[in-house]
Trainee: 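Below is one structure. I have some questions about it.
These numbers come from the heavy atoms of this one structure, side chains and all, not from hydrogens, waters or symmetry mates. Proteins get letters first, then strands, A, B, ... in listed order; numbering begins at 1 in each.
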2 protein chains.
Amino acid sequence: MAESKPLSKPQSARERLLLAAFGLIRSKGFNATSVDDLCAAAGVTKGAFFHHFPSKEALGAAAATHWAAVTAPMFAAAPYHAPADPLERVLAYIDFRAELISGTPAEFSCVAGTLVQEVFATSPTIRAACEAAICGHAATLEADIAAAMAEHGVRDVTAASLALHTQAVLQGAFILAKANDDAAVARDSVAHLRRYITLLFQAKSSGGS
Amino acid sequence: MAESKPLSKPQSARERLLLAAFGLIRSKGFNATSVDDLCAAAGVTKGAFFHHFPSKEALGAAAATHWAAVTAPMFAAAPYHAPADPLERVLAYIDFRAELISGTPAEFSCVAGTLVQEVFATSPTIRAACEAAICGHAATLEADIAAAMAEHGVRDVTAASLALHTQAVLQGAFILAKANDDAAVARDSVAHLRRYITLLFQAKSSGGS
DNA sequence: TGACTTGCACCGACCGGTTGGTATGTTTTC
DNA sequence: GAAAACATACCAACCGGTCGGTGCAAGTCA
């Protein structure tokens, strides 16, 4: 359980393959990425690949799971948890996500979202791993959202539904950025999401706490 | 210019290929769809394919363009244009989009959005065609949004930005539906979009017209 | 009218390269 | 010294794309 590895340069071949998969899936997509591509990017031979993964599909599922495992501590350590007010924490999360959107789509887009779009109908295994990654991350927002809802008397929506909606907007923003070859439109959409949550919670908060 | 063709069964090979591409791209994705797959689905031989399209990439770009051409008249004839009030027309559009989300993702998802996610980095041609399809559709909403903004005194956002945001939410909703293998989560996200627009326009309308 | 030409739409066998995957051998680690 | 962690060589299937050819409807000239 304990991650006592020196997680800097000398990773295992398995981890290097997974990390290479992140980059290749985000830029070329899963189907357009060959096993040889993955091996070359990871500096590994084909024999090593099939030693660690029984098939390319298995790597895809492992990549989605590993994506969740890698991003979870990053979000857990992010500064948006600092504010005392739960609503401010939610808004800080959205601001944090907006800050992450810079550079090329291959740098800020979501591995799980990209992956599931390609294989949802052909690989139930990968699809399930992507669902776990996306919904698992959304679930980390529910407590703050629920607390903010209780404090502001918001009842029209559920915390789970709003948490999933934030992920929908982010995923959609990534697609817009890819289509327009411009990160600004993605940040614009996230700004709309922020405005929605602000309006949603201020509409009911006239009575105050 | 005049479409005097009997547009029922006997389509041209080119159109059958484009229609087959819609179905295959939405279910398997573009890269996972082979030229032989397209030919088989369209009931056409490989010779016919390369007679009408110089390459598979050219078909991808043509599919995005044709997708816009096919959906545009469908949206133009849809009943959401009926209300006299521009804000009601915008909300009716969103309700209309929510109604379209039923069945499997392969039935309601967007060809251009799926396509651009796979090839935005590898095919500038297809990417541009998808951008035109998505932004072109968003542009059809701008007039109603701008009219509603003027009527309700909304100034925080631009009509173009809000129009694009509606597309971002829809695209993101499709991804969520694919990940969860459930159309309901997509409709939920569209409901949040509707609530956002309602809140956005009622917040400033205290002064009336 | 009828033989001849022309050009578009379409056919399907074929090609070289790439694909995911395997079989077997070698090195490293405990 | 055994097992895990690689490396190398190889394969059959499949991929996008090519190419010589066919059917056929519309000129066209006598």
Trainee: Using a heavy-atom distance cut-off of less than 4.0 Å, which residues of residues 26-44 of chain B contact DNA chain C?
Mentor: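 The answer is none.
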
Trainee: Output all residues satisfying salt bridge (Lys or Arg N to Asp or Glu O under 4.0 Å) with A:R14, sequence neighbours left out; order by chain, then residue number.
Mentor: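 With sequence neighbours excluded, A:R14 shows a salt bridge (Lys or Arg N to Asp or Glu O under 4.0 Å) to no residue whatsoever.
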
Trainee: Using a heavy-atom cut-off of 4.0 Å to chain A, what are the terminal contacting nucleotides of DNA chain C, in 5' to 3' order?
Mentor: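 Reading along DNA chain C, I get C:dT19 to C:dT22.
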
Trainee: List the residues meeting salt bridge (Lys or Arg N to Asp or Glu O under 4.0 Å) with B:D95, not counting sequence neighbours, and say none if there are none.
Mentor: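 Result, salt bridge (Lys or Arg N to Asp or Glu O under 4.0 Å) vs B:D95: B:R194.
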
Trainee: Please output the side-chain donor-acceptor pairs of residues 62-72 of chain B that fall under 3.5 Å, not counting sequence neighbours, one pair per line with the distance.
Mentor:
from, atom 1, to, atom 2, distance (Å)
B:T65, OG1, B:A61, O, 3.1
B:T71, OG1, B:W67, O, 2.8
B:T71, OG1, B:A68, O, 3.4

Trainee: Side-chain polar contacts of residues 186-193 of chain A - donor-acceptor pairs under 3.5 angstrom, sequence neighbours left out - could you list them?
Mentor:
from, atom 1, to, atom 2, distance (Å)
A:R187, NH1, A:I101, O, 2.6
A:D188, OD2, B:S161, OG, 3.3
A:S189, OG, B:H165, ND1, 2.9
A:H192, ND1, A:R195, NH1, 3.3
A:H192, ND1, B:Y196, OH, 2.6
A:H192, NE2, B:S161, OG, 2.7

Trainee: Going by heavy atoms closer than 4.0 Å, what residues in residues 50-67 of chain B are next to DNA chain D?
Mentor: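 B:F50, B:S55, B:K56 - these, ordered by number, are the residues of the stretch whose heavy atoms sit under 4.0 Å from the strand.
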
Trainee: Please find the pair of heavy atoms, one from B:R26 and one from A:F120, that lie closest to each other, and give the distance.
Mentor: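 That would be O-CZ, 3.4 Å.
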
Trainee: ring-ring contact (aromatic ring centres under 6.0 Å, His included) with B:F174: which residues, sequence neighbours excluded?
Mentor: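 B:F174 satisfies ring-ring contact (aromatic ring centres under 6.0 Å, His included) with B:F108 only.
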
Trainee: Can you list everything that forms a side-chain hydrogen bond (donor to acceptor under 3.5 Å, both in side chains) with B:E142? Sequence neighbours excluded, please.
Mentor: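 Partners of B:E142 by the side-chain hydrogen bond (donor to acceptor under 3.5 Å, both in side chains) criterion come out as none, since no residue qualifies.
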
Trainee: Side chains of A:Y93 and A:R97: any donor to acceptor distance under 3.5 Å?
Mentor: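 Yes.
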
Trainee: Rounding to 10°, can you tell me the angle the first-five-pair axis of the helix from C:dT1-D:dA30 to C:dC30-D:dG1 makes with its last-five-pair axis?
Mentor: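 Answer for the end axes of this duplex: 10°.
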
Trainee: Round to the nearest Å and state the distance from A:R14 atom CZ to D:dA4 atom C1'.
Mentor: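 Distance, rounded to whole Å: 14 Å.
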
Trainee: Tell me which pairs pass side chain to side chain donor-acceptor pair (under 3.5 Å) where either residue lies in residues 49-63 of chain A, with sequence neighbours left out.
Mentor: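 Non-adjacent pairs meeting side chain to side chain donor-acceptor pair (under 3.5 Å): A:E57-A:S123.
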
Trainee: Mind checking whether A:R127 and A:V119 have side chains closer than 4.5 Å, heavy atoms only?
Mentor: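 Not in contact.
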
Trainee: Can you sort out the partners of A:D37 under salt bridge (Lys or Arg N to Asp or Glu O under 4.0 Å), two or more places apart, ordered by chain and number?
Mentor: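 With sequence neighbours excluded, A:D37 shows a salt bridge (Lys or Arg N to Asp or Glu O under 4.0 Å) to A:K28, given in chain and number order.
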
Trainee: Do A:L17 and A:F49 have side chains that get closer than 4.5 Å, going by heavy atoms?
Mentor: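 Yes, close enough: below the 4.5 Å cut-off.
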
